[in-house]
Number of protein chains: 2
Amino acid sequence: MTTSSKRPLRADARRNRDLIVETARAAFASKGVDASLEEIAKTVGVGQGTLYRHFPTREDLIAAAIQDDVEQLARNADKRVRARYPLKALGEWLRELALFSRTYSGLPNRVLDASVGKSGSFAELCGSLESLTDRVLVRGKETGQIRADVTAEDVFLLANAVAWSLTKARGTELLEKHIAILLRGIASGTNEV
Amino acid sequence: MTTSSKRPLRADARRNRDLIVETARAAFASKGVDASLEEIAKTVGVGQGTLYRHFPTREDLIAAAIQDDVEQLARNADKRVRARYPLKALGEWLRELALFSRTYSGLPNRVLDASVGKSGSFAELCGSLESLTDRVLVRGKETGQIRADVTAEDVFLLANAVAWSLTKARGTELLEKHIAILLRGIASGTNEV
DNA sequence: GACATAAACGGACACCATGTCCACTTATTC
DNA sequence: GAATAAGTGGACATGGTGTCCGTTTATGTC
């Protein structure tokens, strides 16, 4: 699903593409996802035209850059689906999601945008994260630990919001605290977290 | 505290200043707080130099533009402090805060920035909003309806985060739902909201 | 190996926004 | 009504985005 069905890229194009993705990832990690594309192109040593040809929009490039991380997240989430304590598992998933967002400052903004205007590879990536959230959530509903009226959309939006509000160099204590508040609000009755 | 202690502005400067603020408010309300300052200046009919002279940073201008709204919020909050049901009052305050944020798209971003790097008139304005939150919160703690370990900073950050995640043209149902989740997480025990 | 050709490239360019600077204009004060 | 401090406007330097097109290059074919 990753590689498109078109004919394979020319060798030099392939090389450039990979280099761009790798460089972009480093730049996004250190300067945030709004880093200058012009500069990324310059770092790679290609023209801007080349960069834009491979990635028509910034979000396409972001999607390519974070894809590995997202796949890793997905793998971890898969394990959690079968966890013994769904609420706790959900908490861990939220934490992981938030810490991931932290790696790329400005990402939650993009995620939010994507969740409104659905289209493109980045939006798809976000969609997959939301589905993962749903899978972890469903278990909790089955066991009755999570309120029935809470949807994956709710949880995903809220998790993204919390991640967003803590991106600017805050300690992790606040993150823990806010996740705990979220979980309490999502849980049915008086479950302890 | 609003007007600085310096000598009064020259008549023409005063007029320009007011016009700029008024125009900016309209622009921020319709295009968000990232609206082009160049364009605002052009609309007013002054040079960019004039605008920047009055408001060295964009946040200074935002602060001036939203000041009236914030004062209105403050007045309303004052009433709530003495409310009979503190948790409910807090909910109303959060709702009002979020709806206000909605009016100026992009505002939560600025609020977050300000809460990190404290300085300038805008940061002060944000600080006053946080204090208001605290006042509403304290009552709830006194009556034992709100957890002791929840601070005004927590609530303010979370409220801002929720407002942020719902700025992009979503219905108010989601807002209600998310505020309810927040309140549940903040409340001690099993208070109904 | 040479050639034809489609694919890919690079960087100049048009556009837009920010924020600064300074020669000029104008309100105020005496 | 002159002196002067206060205020003004807009040109400019800077830096980012996204497009366009003349040039270069990989690749399949003979």
Side-chain angles (χ1 to χ4, degrees), chain A residues 3-24 27-28 30-65 105-106 109-110 113 117 119-122, chain B residues 3-24 27-28 30-65 105-106 109-110 113 117 119-122:
Chain A
T3 52
S4 78
S5 55
K6 314 197 174 198
R7 81 166 58 144
L9 288 175
R10 227 169 71 174
D12 55 345
R14 175 89 237 161
R15 223 180 310 126
N16 279 332
R17 208 199 107 104
D18 290 349
L19 255 180
I20 290 170
V21 170
E22 195 180 334
T23 307
F28 291 161
S30 73
K31 303 189 177 183
V33 296
D34 293 324
S36 160
L37 297 186
E38 188 186 19
E39 201 170 303
I40 290 174
K42 203 170 292 175
T43 303
V44 174
V46 300
Q48 304 200 64
T50 301
L51 191 151
Y52 279 102
R53 161 182 272 263
H54 285 295
F55 305 100
T57 76
R58 172 176 233 108
E59 303 208 324
D60 288 332
L61 181 52
I62 298 177
S105 119
N109 260 304
R110 302 284 169 172
D113 286 352
S119 79
S121 50
F122 184 73
Chain B
T3 51
S4 78
S5 54
K6 314 196 172 197
R7 84 168 51 143
L9 287 175
R10 226 168 72 175
D12 55 345
R14 174 88 239 162
R15 223 179 309 126
N16 277 333
R17 208 199 105 103
D18 291 349
L19 254 181
I20 290 170
V21 171
E22 195 180 334
T23 307
F28 291 160
S30 72
K31 302 189 177 183
V33 296
D34 293 325
S36 161
L37 298 187
E38 189 186 17
E39 201 170 304
I40 290 174
K42 201 170 291 175
T43 303
V44 175
V46 300
Q48 305 200 62
T50 301
L51 191 152
Y52 279 102
R53 160 181 273 262
H54 286 295
F55 305 99
T57 75
R58 170 177 235 108
E59 302 207 325
D60 289 331
L61 181 52
I62 298 177
S105 119
N109 260 305
R110 302 283 169 174
D113 286 353
S119 79
S121 50
F122 184 72

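Order of the sequence lines sets the chain letters (A, B, ...), proteins ahead of strands, with each chain counted from 1.
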Work out which heavy atom in [X] is nearest to a heavy atom in [Y]; give both atom names and the distance.
| X | Y | result |
| --- | --- | --- |
| Lys31(B) | Ala35(B) | CB-CB, 4.0 Å |
| Val21(A) | Ala64(A) | CG1-O, 3.7 Å |
| Phe28(A) | Ala65(A) | CD1-CB, 3.9 Å |

Could you grab the distance from atom [atom1] of [X] to atom [atom2] of [Y], nearest 0.5 Å is fine?
| X | Y | atom1 | atom2 | result |
| --- | --- | --- | --- | --- |
| Thr57(A) | Asp60(A) | OG1 | CG | 3.5 Å |
| Arg15(B) | Ile20(B) | CZ | CD1 | 12.0 Å |
| Leu51(A) | Glu38(A) | CG | CD | 10.5 Å |

Between [atom2] of [N] and [atom1] of [X], the distance in whole Å:
| X | N | atom1 | atom2 | value |
| --- | --- | --- | --- | --- |
| Lys42(B) | dT8(D) | NZ | P | 19 Å |
| Leu51(A) | dC20(D) | CG | P | 17 Å |
| Leu19(A) | dC9(C) | CG | P | 11 Å |

Could you list the donor-acceptor pairs under 3.5 angstrom formed by side chains in residues 41-50 of chain B, with sequence neighbours left out?
unit_1: Thr43(B); atom_1: OG1; unit_2: Glu39(B); atom_2: O; d: 2.9

Asp34(A): salt bridge (charged side-chain N to carboxylate O under 4.0 Å, His left out) partners, not counting sequence neighbours =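 Per chain and number, Asp34(A) pairs via salt bridge (charged side-chain N to carboxylate O under 4.0 Å, His left out) with Arg110(A).
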inquiry  = Quick check on the helix from dG1(C)-dC30(D) to dC30(C)-dG1(D): what's the angle between its two end axes, five base pairs per end, to the nearest 10°?
reply    =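 Inter-axis angle at the ends, rounded: 0°.
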request  = Sequence neighbours left out, what passes side chain to side chain contact (heavy atoms under 4.5 Å, CB included) with Arg53(B)? Give chain and number order.
outcome  =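 Side chain to side chain contact (heavy atoms under 4.5 Å, CB included) list for Arg53(B), sorted by chain: empty.
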inquiry  = On the nucleotide dG7(D), are OP1 or OP2 found under 4.0 Å from the side-chain N or O atoms that His54(B) carries?
reply    = no
request  = Report yes if a side-chain nitrogen or oxygen of Asn16(B) is closer than 4.0 Å to either non-bridging phosphate oxygen (OP1 or OP2) of dT8(D); otherwise report no.
outcome  = yes
Dump the pairs, protein N or O against N or O of nucleotides 17-21 of chain C, anything under 3.5 Å, distances to one decimal.
unit_1: dT18(C); atom_1: OP1; unit_2: Arg58(B); atom_2: NH1; d: 2.8
unit_1: dT18(C); atom_1: OP1; unit_2: Arg58(B); atom_2: NH2; d: 3.4
unit_1: dT18(C); atom_1: OP2; unit_2: Leu37(B); atom_2: N; d: 3.1
unit_1: dT18(C); atom_1: OP2; unit_2: Glu38(B); atom_2: N; d: 3.4
unit_1: dG19(C); atom_1: OP2; unit_2: Tyr52(B); atom_2: OH; d: 3.3
unit_1: dG19(C); atom_1: O6; unit_2: Gln48(B); atom_2: NE2; d: 3.1

query = Quick one: does Arg14(A)'s side chain have a donor or acceptor within less than 3.5 Å of a partner on Pro8(A)'s backbone?
reply =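 No; judged by distance alone, with no hydrogens or angles, the pair does not exist.
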task = Check whether any side-chain heavy atom of Arg17(B) sits under 4.5 Å from a side-chain heavy atom of Phe55(B), and report yes or no.
result =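 Answer yes - side chains close enough.
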Using the 3.5 Å cut-off, write out each protein N or O paired with an N or O of nucleotides 23-30 of chain D and the distance between them.
unit_1: dT25(D); atom_1: O2; unit_2: Arg10(A); atom_2: NH1; d: 3.3
unit_1: dA26(D); atom_1: O4'; unit_2: Arg10(A); atom_2: NE; d: 3.3
unit_1: dT27(D); atom_1: OP1; unit_2: Ala11(A); atom_2: N; d: 3.0

